[in-house]
Amino acid sequence: MLSIEDNELLTRTGPGTAMGDLFRRFWLPVALSKEVGPTEKGPTKVTVLGEKLIAFRNKDNTVGLVDARCPHRLANLYWGRNEGDGLRCVYHGWKFDKEGNCLDQPAESEETCFKQHVKLKAYPTHEVAGAIWAYMGPADKKPPFPEFEFTLVPSDHVYASKRLQLCNWLQNLEGELDTAHVQQLHQHEVVPGSMVALAPRYEIKDTGFGMLMIAKREGKDGTPHAGKINWRMTPYIMPSGTLIPQTPERPQHLTFAVPIDDVTMMGYTVSWRADRPITGEDMRRFTEDDILHLRVDPETFLPVANIHNDYLIDRKSQATETMTGIPGLRLQDVAVQEDQDGPIAPRHLEKLGSTDLAIVMMRRKLLTTVKGLQNGQEPPQPSDSESFKCRSVFAEVSSDLSWQDVFKSVQPAGSKVALEA
Ligand code: FES
Ligand SMILES: [Fe+2]
């Protein structure tokens, strides 16, 4: 359980909140590339961490991310005209570039130099892996862009999607770290007789990017898994990213929860392969087998199967074939995460068990980091950009290998993840 005060601390991310300040120390995905521009398409509404923003693409292909409120009389810049080198407010014609400088004020006299004293709030962006990323924190604390492996591979090796999820961001993150639910909620996605059906034991280690959640399942004597250990290692990438455990021959997937406000979030999934482009067969698996990338409404990003249609639950299938009757891993997760006694779970009511260790440790780490930041202590993770180049682990190997051996054996060349002993 978590006290009411600590639950408030971790779940509120608007401007001026402590957790909001922590989110604002990291680069965050804020839109898909395909949503923004070209110039004549007009700007795009983006709401992140409770801030209403506008994204627009310049003629040189760079992307601006600015406050939706024109500083003059607060008209919405969504109606603005993208002139290729800046956005012009249609009310009185003030024009701003992507750094928020005021370039033009048609009705003001040049002599007053008024425009030099006007600034529109603007955030730096970086475009990679089919997404626009932004840094929304203090300019003097801006970290280097994290060296995720997918930023270092050709663009056709990466596929990104996003979905609107109707709950607080923390419910999604906790679900991603909760390995014990796999053999229940997703039991019909688990291969029958595989070691994932066994109860795991956990270890949790600090790393440069956050934490590594290690689930260990030992093969029983007299079964085909005797003498083997099944390792599922989930990197928790602060503040709200996880790498879903995957076998080495499958693509890697980053899932990232980005708060829109305190009761809705955008869930980004970035899938990539280091060795070859993403193929049609990969895409089929993403969207039909595992269903990690959901089918969504192209405007709102609300999944086609959602809370309003009971996630297309098939009760007959649930009674006779599957645990949930809900199709696909991701949707099963969304269904349970969107209502844990509401969109912000009252965590003081929980009864946590031994398999909730990963969640307890993640909360503890976040609370320490958030409270540290409140006292002026900067989090070390954002500046350790090289440590973000890592992969998850899902492997069944001989029991004489240590977890460090197994972890290191699947990491990309040049990986610099420092591991706690
Ligand atoms: S409100 Fe934008 S120019 Fe006047
Ligand atoms: Fe899940």
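Just follow the structure's listing: the first ligand is 1, and inside any ligand the first atom is 1. For clarity, every value in this text was computed on a predicted model and none was experimentally measured.
Every atom of ligand 1 is numbered from 1 in the order shown, and the set under 4.0 Å from a heavy atom of Ala75 is 1 (S). Applying the 4.0 Å criterion to heavy atoms of Trp94 picks out, from ligand 1, the atoms 3 (S). Remark: ligand 1 atoms within the under-4.0 Å shell around heavy atoms of Cys89 are 1 (S), 2 (Fe), 3 (S).
Figure legend: Arg232 and Phe394 shown as a cation-pi pair, the cationic atom lying under 6.0 angstrom from the six-membered ring centre and within 45 degrees of its axis. The cationic atom of Lys162 (NZ for Lys, CZ for Arg) does not lie both less than 6.0 Å from the six-membered ring centre of Tyr268 and within 45° of the ring axis. By the 6.0 Å and 45° rule, Lys142 does not stack over the aromatic ring of Tyr135.
Contact annotation: Cys70 places no N, O or S atom under 2.8 Å from atom 4 (Fe) of ligand 1.
Ring centers of Trp272 and His157: at least 6.0 Å apart, outside the cut-off. Ring to ring, His253 and Phe286 are close: their centroids are under 6.0 angstrom apart.
The name of the N, O or S atom in His72 nearest to atom 4 (Fe) of ligand 1 is ND1. Closest to the Fe ion (ligand 2) among the N, O or S atoms of Asp333 is OD1. For His92, the N, O or S atom with the smallest separation from atom 4 (Fe) of ligand 1 is ND1.
The NE2 atom of His186 and the NE2 atom of His181 subtend an angle of 90° at the Fe ion (ligand 2), given to the nearest 10 degrees.
Here the heavy atom of the protein found nearest to atom 1 (S) of ligand 1 is Arg73 N, 3.3 Å.
Smallest separation of non-hydrogen atoms from Gln411 and Val393: NE2-CG2, 4.5 Å.
In this model, no donor atom of one side chain and acceptor atom of the other lie less than 3.5 Å apart for His348 and Asp6.
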